[in-house]
Amino acid sequence: METLLQNLLLGFSVALTLENLFYCFAGVFLGTLIGVLPGIGSLATMAMLLPLTLVLPPVSALIMLAGIYYGSDYGGSTTAILVNLPGEGSSVVTVLDGHPMAQQGRAGPALAIAAIGSFFAGCVATLLVALVGPPLANIAINFNSPEYFSLMVMALVCASVVGSGSLLKSLAMVVLGLLIGIVGTDVTSGASRFTFGSVALSDGVGIAVAAMGLFGITEIVKNLAGTEMTQTILRGKITGLMPRWSDFKVSFGPIVRGTAIGAVFGPLPGLGGTISSFTSYMVEKKIAKDPSRFGKGAIEGVAGPESANNACAQTTFVPMLTLGIPASASMAIMLGAMMMHGITPGPQVMTSRPELFWGLIASMWIGNAMLLVLNLPLIGLWVRLLKVPYRILFPIIVTFMGIGIYSLNTMGADVMLAALFGAMGYVLYRLGCPFPPLILAMILGPLMEENLRRSLLLTDGDPSVFFTRPISLGFMIATGVLLLLFALPVFRRKRKAVMAGE
Amino acid sequence: MRFTIKNAQDFWCGVFFTAMGVLAIWLARDYPMGSALEMGPGYFPTWLGGIMIAFGLVIGALSLKVARADDEPAPAGPWAYRPWLAICGALVVFALLMDAGFGFVPSLFALIVGCALAHKDVRWGETLVLAVVLTAAAVAIFSYGLELPYRLFWWSH
Amino acid sequence: MNSTFERSALLAAPLVLAFATVVEAQQKAGNYPVRPIRIIISVAPGAGAEMIARATAQMLHEHWGQNVVVEPRPGGGGVIATEIAARATPDGYTFYQNGFGLLMQGALKRVPLEPLKAFEPMVRSTQQPYIMIGHHSLPTTGMKELIALSAGKPLTYAGSSGVGSSVHIGLERFARISGMKVKHVPYKGSAPAILALMGGEINLAIGSAMASIGAIKTGKVKPVANLGLARLPALPDLPTVAEQGFPGFSVTNAYNLWTPAGTPKAIIAEVNRVVTEGMNAPDMVKRLAASGAEPATRLPHEKLKAELVAEYAEIQRTVKELKLN
């Protein structure tokens, strides 16, 4: 305990120098500004601003990069809430209740609770990283292919209850998402599938492209379809910029649970953010007294997933700091930055460069505080955006979306793909099909197939491996229980409906 | 036996998913299947296509029997052809112009004007002002601020 | 800040360009280069290859006084960058930095061109040996003993970026000459592969020296062999595969600078000279060592091309044997 205190003190003494505070703030500020642009997610923002940090001393550079990472992540949530444009997998969940809140004039509380939840999650998760970093890293090590596969099966079942609509249609959307996820190069065999010979599709359909097309374009088409002239996004009056006491009361539980969920999933390479947001949403919806409020502006649906996402953003650092292995593409950039400064990543960083390790951890906490300080005053500005007449606002949204998507790979094909998803999105909306299961399945599908095939390759085709390994078995049992839990009420209602129909 | 469609939305939903499943199986027809123990690249898509068809058929079949399967109200109002085509079309035109090298400024102009057509009454004056201001802002942010290396006009490099 | 400056210079490049086309006709290496140069890479910023490209660009900038811009064109498994580079004017102002990937794209027919006909290799800038690491429970690390061990149950291995990666092709080639029984397990990159090795899911993983040294320091994996031709200063006790009875065998991650075919010979020779010298300068060697790379041995462009032709033939043979295309 004492050494921990000493270490944290060392960390804060590094992070709290005027210089590093400035770089932390600059990172958060630039990150937020660029992250707000639709389509430019935290990964792109970090890549874009990486050269700026290279001229700084190593500790300052990493602190600034970390600031950019949080800032752009939060900037993405802002866009999701205000104009229904999710730029990455995890923001898809934020859209669900965040944007309805904005429409009801409660964008302020939604943005504020997202910042406050993120701050809480960030503080707790940072402490966790400092206290139990190495054990957390074991989560990543003990997850082998069978565990990943079972976890993803469970996540897909969860996906089908995120979003409204009938369970059957949700499950069908999961399957459609899995099919879209197949597009691209098959990891196991190297074969191209569903690419129509196009180079643009050989890396698969980008999540940002699909999510912005489905959610963003569909929302705009929907808004413009109204027979009466839609004046602004707002359906109601703006009722206060800050959350009410009652908002805090209902959000507290979701924030705590979201933090726990995010902290656990963070170290898992490749899927932390999205899975933790979806899981948190599913949990909140399931334990809510009135689940039907979800999707219509329930503040818990913003508080939980946003906290989960941010807790995960902290614990994602764990495998990189303790094992030298990046758990996400953003972490790979951090790792690259370390190497450019001549630091060999790995567990030895903790002992050989304690000022860097603990300075970074301390700056995570400071970064989260800065995020709060910076964004609470900005809320008033963002909310004013909603008062812009829609006929002016929607071309602005489409323009920024178009540029953002084009900039992903400098390819027109991505923009056309987004337009296709938008066109399909409106059809699916008319058919009453929810989008979130499709997006989650698109993300998880390729990973699920890869891990299934790898598990079977390693066991010479023995499927019992999913049930003999304890963690995997746990997920499988949980999946079964969840399925029963979700299916029962539906069947009961359906039987009633069938009888009533006859 | 007489079939009446009790829920048109679900009926077309069933048709849509069935068609998607058929499309998937057809596209995957040349991928090696492998076996359950050693799956080839065609295994997953073909099975998923089959499951997709099954879902489509069940949803379609239920629409013949059940009026409402869930509590969600179906979206009301006529199909929004105009914004649907205008927005998606404007994005496609933007993509084509950018790829063909017409330059950032003309492509943006086309995108914004195309977008404005989505609104049922187009105010040309306002649209032109918006196009000029927004293009200038985008060039300032993306070309100068973020230094994205897009040529501004077809004559520039 | 440096790169900001470089990029704004790129925006000013058009002015110079119009004038440059006139100069081109009578251009000799003597007044090369007269305008900015770009180095296209096929990976996203932050990747190892970008660091090498950046180091090269900075060195060239200091030497020539011209701006040298790194242009990342990721996507399509590297195919996008290859196609953009192939379309560039062969005037010596577009470099394409690529290692093994370009040859593999050709062998797998992912690109509608023959790499060695569409491009001319100018110089090998750096190389990096791959390091084989094993799970800590592996009973032995000697190559001969491992080969004997594999007779009972094939050893599972993974590395770099899955099917058709340099590690995959290299290890299968090793299996053929040594009789080692191996089973390739594809992962989406070396990070998940090393993590899987730590968790004991596979027996062996092959990664860059940098990643491997980091992993070894966790104590969860141990070094097995150096796949390069010479021992590494960072791992002096780790024997190479070559010295364990397989002379000449190596799997390395080498970066070459290519240019579209048709580029004047004089320019190629000049680039070869400047890059080879620049990469071997003491400061640069130190900088490269930090990311586990080392400067390539001096290799005139004709020799490099001959080496690549041989390597390409070998790759095509292995691809056919593994039925990858």
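Residue numbering restarts at 1 for every chain, and letters A, B, ... go by the order of the sequence lines. All values below were derived from every heavy atom in this structure, side-chain atoms included, with hydrogens, water molecules and symmetry-related copies excluded.
With rounding to the nearest 0.5 angstrom, the CZ atom of B:Phe104 is 4.0 Å from the CD1 atom of A:Ile403. Distance check, rounded to the nearest 0.5 Å: OG1 of B:Thr127 to CD1 of A:Ile392 gives 8.0 Å. For the atom pair NE2 of B:His119 and CG of A:Asn223, the computed distance is 10.0 Å after rounding to the nearest 0.5 Å. Between the SG atom in A:Cys433 and the CG atom in B:Asp10 there is a gap of 8.5 Å [rounded to 0.5 Å].
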Intermediate values then yes/no, side chain to side chain contact (heavy atoms under 4.5 Å, CB included), B:Arg82 and A:Leu224: CA-CA 9 Å; B:Arg82 184 169 179 155; A:Leu224 290 173; over 6 Å; no
Trace of the side chain to side chain contact (heavy atoms under 4.5 Å, CB included) decision for A:Glu449 with B:Tyr43: CA-CA 10 Å; A:Glu449 181 184 3; B:Tyr43 195 87; over 6 Å; no
Stepwise side chain to side chain contact (heavy atoms under 4.5 Å, CB included) test for A:Thr410 and B:Leu148: CA-CA 9 Å; A:Thr410 324; B:Leu148 297 182; over 6 Å; no
Chi angles and distances behind the side chain to side chain contact (heavy atoms under 4.5 Å, CB included) call for B:Met52, A:Leu178: CA-CA 10 Å; B:Met52 185 90 275; A:Leu178 291 175; over 6 Å; no
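Using a 4.5 Å cut-off between heavy atoms, A:Leu420 makes no contact with chain B at all. Contact annotation for A:Ser192: only backbone heavy atoms (N, CA, C, O) come within less than 4.5 Å of a heavy atom of chain B. Contact of A:Leu457 with chain B is not made at all, since no heavy-atom distance falls under 4.5 Å. Proximity to chain B is absent for every atom of A:Ala418, based on heavy atoms less than 4.5 angstrom apart. In this structure, the portion of A:Met411 lying under 4.5 Å from any heavy atom of chain B is its backbone and not its side chain. Heavy-atom distances place the backbone of B:Ala116, and not its side chain, under 4.5 Å from chain A. Interface residue A:Ile396: backbone and side-chain heavy atoms are both found under 4.5 Å from chain B. Of the two parts of A:Phe196, only the side chain, counted from C-beta on, holds a non-hydrogen atom closer than 4.5 Å to a non-hydrogen atom of chain B. A:Leu417 does not touch chain B: none of its heavy atoms, backbone or side chain, sits under 4.5 Å away. Contacts between B:Phe44 and chain A at a heavy-atom distance below 4.5 Å involve backbone atoms as well as side-chain atoms. Of the atoms belonging to B:Ile141, it is side-chain heavy atoms, and not backbone ones, that fall under 4.5 Å from chain A. Using a 4.5 Å cut-off between heavy atoms, A:Leu49 makes no contact with chain B at all. The contact between B:Leu108 and chain A is made entirely by side chain atoms (from C-beta outward), counting heavy-atom distances below 4.5 Å. Residue contact with chain B, scored on non-hydrogen atoms closer than 4.5 Å, involves the backbone and the side chain of A:Leu171 alike. For a residue to count as touching a neighbouring chain, one of its non-hydrogen atoms must lie under 4.5 Å from one of that chain's; by this rule A:Val427 touches chain B with backbone and side chain alike.
Chosen from A:Gly412, A:Gly213, A:Gly402, the residue pairing most often with chain B at heavy-atom distances under 4.5 Å is A:Gly412. Each of A:Asp414, A:Val398, A:Ile405 has some count of heavy-atom pairs under 4.5 Å with chain B, and the biggest count is that of A:Val398. For the set B:Ala8, B:Gly145, B:Cys13, the entry with the most heavy-atom pairs within less than 4.5 Å of chain A is B:Cys13. Among the candidates B:Tyr81, B:Tyr31, B:Trp12, the residue making the largest number of heavy-atom pairs closer than 4.5 Å to chain A is B:Tyr31.
A 4.5 Å side-chain heavy-atom check between A:Thr399 and B:Phe94 finds every atom pair outside the cut-off. Using a 4.5 Å heavy-atom cutoff, the side chains of A:Pro395 and B:Leu130 are in contact. Side-chain contact between A:Ser407 and B:Phe142: absent, with no pair of heavy atoms (C-beta onward) separated by less than 4.5 Å. By the 4.5 Å heavy-atom criterion applied to side chains, A:Met401 and B:Leu91 are counted as neighbours. The closest side-chain heavy-atom distance from A:Leu179 to B:Leu23 is not below 4.5 Å.
A:Ala172 and B:Ile59 make their closest contact through CB-CD1, 4.1 Å (heavy atoms, listed as atom of the first residue, atom of the second, distance). The two residues A:Ala419 and B:Cys88 make their nearest non-hydrogen contact at O-SG, 3.5 Å.
Under the 3.5 Å distance criterion, the side-chain polar atoms of B:Trp84 are matched with a main-chain donor or acceptor of A:Ala423. Within the 3.5 Å criterion, the main-chain N or O of A:Arg430 finds a donor-acceptor partner in the side chain of B:Gln9. Not a single donor-acceptor pair under 3.5 Å links the side chain of A:Arg193 to the backbone N or O of B:Ala28. Not a single donor-acceptor pair under 3.5 Å links the side chain of A:Tyr426 to the backbone N or O of B:Trp79. Using modelled atom types, no side-chain atom of A:Asp186 and backbone atom of B:Pro41 make a donor-acceptor pair closer than 3.5 Å.
A 6.0 Å sphere centred on OH of A:Tyr429 holds more than 12 heavy atoms belonging to other residues, nucleotides or ligands.
Residue B:Phe17 forms a side chain to side chain contact (heavy atoms under 4.5 Å, CB included) with just one option from A:Val175, A:Leu168, A:Leu176, and that option is A:Leu176.
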